[in-house]
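This report refers to the structure that appears directly beneath it.
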Amino acid sequence: MFLVKENTVLNPNTVRMTVEAPMIARKAKPGQFVIIRGDEKGERIPLTISGYDAAGGTVTVIYQTVGASTLKLAEIPAGGYLCDIVGPLGRASELDGIKKAAVVGGGLGCAIAYPQAKYLHEHGASVDIIAGFRNKDIIILEDEMRAACENLVLLTDDGSNGHKGLVTDGLKALIDAGAKYDVVIVIGPPIMMKFVCRLTKEYGIKTVVSMNPIMIDGTGMCGGCRVSVGGEMKFACVDGPDFDGHLVDFDELMKRNRMYRDEEQHDCNLFREAKEREHNA
Ligand SMILES: Cc1cc2nc3c(=O)[nH]c(=O)nc-3n(C[C@H](O)[C@H](O)[C@H](O)COP(=O)(O)OP(=O)(O)OC[C@H]3O[C@@H](n4cnc5c(N)ncnc54)[C@H](O)[C@@H]3O)c2cc1C
Ligand code: FES
């Protein structure tokens, strides 16, 4: 059992959870993730390590409440316990030697990209962050991101905060204004990563993406997380989650991520019905 030190709502569907897990906190590096099981009947879900404190022995994740497992996770109070947390998993991002980077985050992807921007910034690289959100109500980590870069370009799809537009618009404007990036790191919904990669390919800029296929064990034993990269099959949990974005088959990723949609919806309905019964009792 692992002590949950905080489980704070950041916006209506985003929660930050800090867990006491000293062994993971000691070894964690940017780009790695954990697999969490809320209770003993729960499924294993992968969440990126968004922060770690080796001295304090804690690990932080930021998650969106999108289905039954994440909704249940959000119910654990500070002082409660998680059944399992396993990690750090996956290969750490390769960040050494980078002098100028654009870190592009879409929605919750900003929480996943933030540790990488922070690491690069702390190690002397020049970092631009391009962060996109649907609207102003779901902006997260604005102050943290601003402190982890030279230049934060905040965009909203509807223009309710920052510039109006998509992250591709923000990135293109910076490149066209003369920014010379060694690498673009992009994390967000697969469709957004696909379009950023299409743009950077035109400009010939190396681009790294973080893949988010369905995972089960997270240790390379099942292939549930397989993705096609440059025509080869890779296991995102052990070969990634970072990959060369220009080689990834995003359409296949999106198709595979939709495979259990009916079962996910069913589970989510059961959870909501149980909550309603509890409420009416
Ligand atoms: C390496 C890795 C790191 C991740 N890091 C984070 C993170 O830091 N924060 C976070 O909120 N989410 C992260 N995810 C996604 C997270 O694992 C899923 O949102 C979670 O498993 C959903 O579980 P659920 O039962 O609540 O929802 P479900 O009912 O299982 O799914 C609800 C919806 O979410 C989609 N979904 C399910 N699994 C995934 C998945 N693996 N990736 C993308 N969409 C999915 C489904 O297609 C469906 O539309 C990560 C995924 C991977 C593979
Ligand atoms: S999740 Fe099983 S091999 Fe990656």
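What you see is a predicted model; the values in this text were computed from it and never measured. For ligands, and for the atoms within them, numbers begin at 1 and follow the listed sequence.
Take the N/O/S atoms of Asp217: the one nearest atom 2 (Fe) of ligand 2 is OD1.
Looking from atom 14 (N) of ligand 1 to the surrounding protein, the closest heavy atom is Pro46 O, 3.5 Å. Scanning the protein heavy atoms around atom 22 (C) of ligand 1, the nearest turns out to be Val66 CG2, 3.7 Å. With hydrogens left out, the protein atom closest to atom 3 (C) of ligand 1 is Thr48 OG1, 3.3 Å, a heavy atom. With hydrogens left out, the protein atom closest to atom 26 (O) of ligand 1 is Thr70 OG1, 2.4 Å, a heavy atom. Protein heavy atom closest to atom 11 (O) of ligand 1, with residue, atom name and distance, is Gln64 N, 2.8 Å. Closest protein heavy atom to atom 47 (O) of ligand 1: Asn257 O, 3.2 Å.
Taking a 6.0 Å sphere around CD of Glu122, one finds it holds more than 12 heavy atoms contributed by other residues, nucleotides or ligands.
At a threshold of 2.8 Å, atom 2 (Fe) of ligand 2 has a backbone or side-chain N, O or S atom of Cys222 nearer than that distance.
When Met254, Met259, Glu264 are checked for heavy-atom proximity to atom 28 (P) of ligand 1, Glu264 turns out nearest.
There is a path of hydrophobic side-chain contacts, each under 4.5 Å, that joins Phe195 to Ile130.
Residue Ile62 places at least one N or O, backbone or side chain, under 3.5 Å from an N or O of ligand 1.
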